[in-house]
Colleague: 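Input: one structure, supplied below.
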Amino acid sequence: MYDDDDPLLNLIRPIALALPEAIEVESHGRPTFRAAKPQFAVYGAAYRDDPALLFKPDEAERPALVADARFF
């Protein structure tokens, strides 16, 4: 479901793994990033065919992200 040489994934991976206690685990054929048990990001296509990074933002940041057309 993904290519380990994907340039976007190679950009995201070191950022995600720089977070405290972050690890990468493949789940359902996609790389996921977790800190301790909770998953905080998934790399892969969402409902579009384009690559996407799905992540869980802080609730306070959600309104600004929803208002930005780059995020869905």
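Since the structure is predicted, the reported quantities are computational estimates derived from the model, not experimental observations. As a basis for the values below, the full set of heavy atoms in this structure was taken, side chains included, without hydrogen atoms, waters or symmetry mates.
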Colleague: Is any side-chain heavy atom of Leu8 closer than 4.5 Å to a side-chain heavy atom of Ile12?
Modeller: yes

Colleague: May I ask you to test the Phe33-Leu17 pair for a side-chain heavy-atom distance under 4.5 Å?
Modeller: yes

Colleague: Would you sort out whether Arg13 and Asp6 count as a salt bridge (Lys or Arg N to Asp or Glu O under 4.0 Å), showing the intermediate values?
Modeller: CA-CA 10 Å; Arg13 183 177 275 138; Asp6 183 316; over 6 Å; no

Colleague: Please say whether more than 12 non-hydrogen atoms of neighbouring residues, nucleotides or ligands are located less than 6.0 Å from CD in Glu21.
Modeller: no

Colleague: Out of curiosity, Arg62 CZ to Phe71 CZ, how far, rounded to the nearest 0.5 Å?
Modeller: 12.5 Å

Colleague: For a 4.5 angstrom cut-off between non-hydrogen side-chain atoms, does Glu24 reach Pro31?
Modeller: yes

Colleague: Tell me the closest heavy-atom pair linking Ala16 and Ala22, and the distance in Å.
Modeller: O-CB, 3.2 Å

Colleague: Hydrophobic cluster mates of Ile23, side-chain heavy atoms under 4.5 angstrom, ILVMFWY only, any path?
Modeller: Val25

Colleague: Please determine, by modelled atom types, if Arg34 and Thr32 share a side-chain donor-acceptor pair under 3.5 angstrom.
Modeller: yes

Colleague: Please find the pair of heavy atoms, one from Leu9 and one from Asp3, that lie closest to each other, and give the distance.
Modeller: CD2-O, 4.0 Å

